[in-house]
Amino acid sequence: MSARTVLAADGVMKRWPNGRVALESVSFSVDEREVVAVVGANGCGKSTLLSVLAGLESVDAGRVQFRGTPITVPNRAVRLSRYDQRALSAHRARVGLVFQQFHLFPHLSVGENCMIGPRYGLQKAPEVAKRLARAALERVGMHEAFDRRITELSGGQQQRVAIARALANEPEILLLDEPTSALDPQRTREIVALLRALTAECATAMVIVSHDLALVREIADRVVLLNAGRVATTLPTEQFLASDEPLIQAFLSQA
Ligand SMILES: Nc1ncnc2c1ncn2[C@@H]1O[C@H](COP(=O)(O)OP(=O)(O)OP(=O)(O)O)[C@@H](O)[C@H]1O
Ligand SMILES: [Mg+2]
């Protein structure tokens, strides 16, 4: 781990309550300004890894650190000290997570969805939360939809709002789970362009889970291939896409 490392997982093992081991032993890190793509077959543990990195899911072994501070959520057998609990809450507010199925609140407006993080995660006053929400919506081109209902929006618009909600806390790292998988080719191109612009305009580090090789090629600096809960390989994007390693070839030929 270097001084530039933002988020790091070290030997992380995650067993779901039903006994399924989603992550066997994953070591992974992201540096400042770095965009890392996490790829791999369905069920290899990509979404689980993002939840662990966001501090939302417990782990059964290993640890997760944000700029050197432990933010590991232990399994139920272990109680967190108040200090670690505070570090974890701060971490959750500092990480922007965009879920695979958006998980927007349908009963709230676009603006209200984006105000939740600043208001309750960062404990900002209502008018400050509103300003942060508006600024985030502006960055994704959805500021005119502030008062609209989530259910009135198209899939592409909902994805933009989900990204804005993650940006509203001005996170140091953005975690995106398949940001284009629910979209048609035109909307996909728009979201790729948006993410590309975001990486160019700000220093936010990003972890993007995606099956979309065009997206990976366009914005990732490095690719991590997961295979059955382990990191199979990690390579700079160009080398990954040109690799003739059998596991990478098997993935590329199916993607
Ligand atoms: N909440 C859960 N409870 C039990 N098992 C789970 C849970 N979430 C995921 N799993 C299991 O953990 C493994 C990894 O799942 P995960 O969702 O992380 O995979 P993924 O790589 O994101 O897959 P996909 O490409 O389909 O999104 C799978 O075997 C899955 O069935
Ligand atoms: Mg997934």
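One is the number of the first residue; the rest follow in order along the sequence. Basis for what follows: all heavy atoms, side chains included, without hydrogens, waters or symmetry-related copies. Note that ligands are numbered from 1 as they come in the structure, with each ligand's atoms numbered from 1 the same way. Keep in mind the model is a prediction, meaning the values are calculated, not measured.
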Flag the pair Glu178 / His211 as yes when at least one side-chain heavy-atom distance between them is below 4.5 Å, and no otherwise. yes
Ile71 and Leu53 have their tightest heavy-atom pair at CD1-O, 4.1 Å
Closest protein heavy atom (residue, atom, distance) for atom 12 (O) of ligand 1: Trp16 NE1, 3.2 Å
I'd like to know: is the Mg ion (ligand 2) within the 2.8 Å range of an N/O/S atom from Asn42, strictly under that distance? no
Protein contact to atom 11 (C) of ligand 1 [nearest heavy atom, distance to 0.1 Å]: Arg20 CD, 3.5 Å
Any side-chain hydrogen bond (donor to acceptor under 3.5 Å, both in side chains) pairs touching residues 42-54, not counting sequence neighbours? Ser47-Gln100, Ser47-Asp177
Does any non-hydrogen side-chain atom of Met206 lie less than 4.5 Å from one of Arg33? no
Side-chain contact, heavy-atom cut-off 4.5 Å: Thr180 with Val192? yes
Out of all atoms in ligand 1, which are within 4.0 Å of some heavy atom of His211? Include the element for each. 25 (O)
Which one holds for Asn42 and ligand 1: side chain close, backbone close, both close, or neither close, with close meaning a heavy atom under 4.0 Å? both
Counting neighbours of CD on Glu144 that are heavy atoms of other residues, nucleotides or ligands and sit closer than 6.0 Å, is the number greater than 12? no
Check whether NZ of the Lys or CZ of the Arg Arg222 lies under 6.0 Å from the centre of the six-membered ring of Phe240 and within 45 degrees of that ring's axis. no
Salt-bridge test for Glu170 and Arg94: reply yes if a basic N is under 4.0 Å from a carboxylate O, no otherwise. no
Which protein heavy atom lies closest to atom 17 (O) of ligand 1, and at what distance to 0.1 Å? Ser47 CB, 3.7 Å
Given Lys46, Gln101, Gln100, identify the one with the heavy atom nearest to atom 27 (O) of ligand 1. Gln100
Pull out every atom of ligand 1 sitting under 4.0 Å from any heavy atom of Thr48, numbered as shown with elements. 14 (C), 15 (O), 16 (P), 18 (O)
Report yes if Gly45 has an N/O atom closer than 3.5 Å to an N/O atom of ligand 1; otherwise report no. yes
What do you reckon, does Gly43 have a nitrogen or oxygen under 3.5 Å from a nitrogen or oxygen of ligand 1? yes
Within the structure, does Ala22 bring an N/O atom to less than 3.5 angstrom of an N/O atom in ligand 1? no
Within the stated cut-off of 2.8 Å, is an N/O/S atom of Thr48 closer than that to the Mg ion (ligand 2)? no
